[in-house]
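Down below is the structure, laid out as structure tokens.
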Protein chains: 2
Amino acid sequence: MKRDSRLSNILHALLHMAEHETRHGAPMTSDMLATCLSTNPVVVRRTMAGLREQGLVASEKGHGGGWRLARPLDQVTLGQVNLALGEPGLFPETPPVEADGCLVEAAVNDALAETYAAARALLVARLNDITLADLAADFSRRMAAHPERDRLHAHHGKA
Amino acid sequence: MKRDSRLSNILHALLHMAEHETRHGAPMTSDMLATCLSTNPVVVRRTMAGLREQGLVASEKGHGGGWRLARPLDQVTLGQVNLALGEPGLFPETPPVEADGCLVEAAVNDALAETYAAARALLVARLNDITLADLAADFSRRMAAHPERDRLHAHHGKA
DNA sequence: CAGTCACGTAACAATTGAAGTTACATGAAA
DNA sequence: TTTCATGTAACTTCAATTGTTACGTGACTG
């Protein structure tokens, strides 16, 4: 998990999970996902725990256990995933303080709060407009345009 | 400089600088600003150095020296200030990598890049629409609504 | 009923980036 | 020439995230 954005990585993982599930009929383990994301299993579990709380994924223990999507691809929006991740790195929260009497500060904070809120609203709206199914479809389109070889896992694994 | 956002603090400082300048005809020193922002002078200089490079403020050494705005209030936009600060905490940069062959990753990154770009564009547009003069005017309006006592520096200084 | 697999979680170490600090150099005014 | 103030480099905290180890629980296998 180098310098990538959280959301980007998790989406990547979710799509691979869906793929794997339909292809092998079995969920992916934390270890598989960790290898896939270049991180370690505990971090995967931590992150996935957030998604599970939002009902996006489910986990199973024991033999044949692992992670699977809890809903069809077209019923999970990027906004939901982003929310489950705690809306990472969005905006500097304009401090709710402003209470200590400086009217300069109050004017500044109000203006910024409004501005950030507008940008955040747009972002959330757009994220909620895109489902995992959309991304999968986009992927298929690209796959069709580059059929010459397997372009799915070229960079996963270590060898 | 506690848990506040960079931009918010600097705007606060800039408005106080303008105030001070017109009131006393002298620039504010890094020490004054440091006290005002609850930080220390070196941090102030570091930050202001960025603004100076963008031509927003000017510094003078020696006796009577310090920091002053390099332009009238209505010719400095919040966007310019934000830019000078390096656009802190905006969005997770969608990685430009995508080159290593995974089409899933490519699809994800493209979708996110588009979405973030749209939100960022809105944010920048709004910030460029607000000038320091607007904030000062807003402040004056609030001042008029609360004339009972000095509501300017209530929380500055230590005693 | 072991034995193994995989998640769940707490506790701790490593890393990273920002902020604070010290120290010293440079330029300007008194 | 002394004092004030910025300019900057180098170092130290400090906080947040991430990585790691360790151990517990549930589930399937044989």
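Below, chain A is the first sequence line, B the second, and so on; all start at residue 1.
- Comparing A:K61 and A:R46 by the nucleotide of DNA chain D that holds the closest heavy atom to each, the one mapping nearer the 5' end is A:R46.
- Ring centroids of A:H12 and A:H16 are separated by less than 6.0 Å, placing the two rings close together.
- Taking a 6.0 Å sphere around CD of B:Q54, one finds it holds more than 12 heavy atoms contributed by other residues, nucleotides or ligands.
- Distances shown here put every side-chain N or O of A:S59 at or beyond 4.0 Å from the OP1 or OP2 atom of C:dA6.
- Residue B:R45 places at least one side-chain N or O closer than 4.0 Å to OP1 or OP2 of D:dT6.
- Rounded to whole Å, the distance from CD on A:E60 to P on D:dT29 is 12 Å.
- If you find the closest nucleotide of DNA chain C to A:H63 and to A:V42, the one lying nearer the 5' end belongs to A:H63.
- For D:dC4, the OP1/OP2 oxygens have no side-chain nitrogen or oxygen of B:T29 closer than 4.0 Å.
- Under a 3.5 Å cut-off, the side chain of B:S38 and the backbone N or O of B:A34 do not form any donor-acceptor pair.
- Within 4.0 Å (heavy atoms only), A:G64 reaches no atom of the nucleic acid at all.
- We find that CZ of A:R52 is positioned 10 Å from P of C:dC7, with the value rounded to whole Å.
- Residue A:V43 has its side chain nearest to D:dT20 when only C:dC7, D:dT6, D:dT20 are considered.
- Between the CD atom of A:E53 and the P atom of C:dG8 there is a distance of 11 Å, given to the nearest Å.
- In this structure, the CG atom of B:D31 is 14 Å from the C1' atom of C:dT21, given to the nearest Å.
- With hydrogens and angles disregarded, no donor-acceptor distance shorter than 3.5 Å links the side chain of A:T39 to the backbone of A:T35.
- If you measure from atom CE of B:M28 to atom C1' of D:dC4, you get 17 Å, rounded to the nearest angstrom.
- At the phosphate of D:dG19, neither OP1 nor OP2 sits under 4.0 Å from any side-chain N or O atom of A:N40.
- The pair B:D129-B:R126 does not meet the salt-bridge criterion, since no charged nitrogen lies less than 4.0 angstrom from a carboxylate oxygen.
- Put simply, A:S30 has no side-chain N or O that comes within less than 4.0 Å of OP1 or OP2 on C:dA6.
- Following rounding to the nearest Å, B:L33 (CG) and C:dA19 (C1') show an atom-to-atom distance of 17 Å.
- Atom pair B:M32:CE and D:dA5:P shows a separation of 7 Å (rounding to whole Å applied).
- If you take CE of B:M17 and P of D:dT6, they are 11 Å apart, rounded to a whole angstrom.
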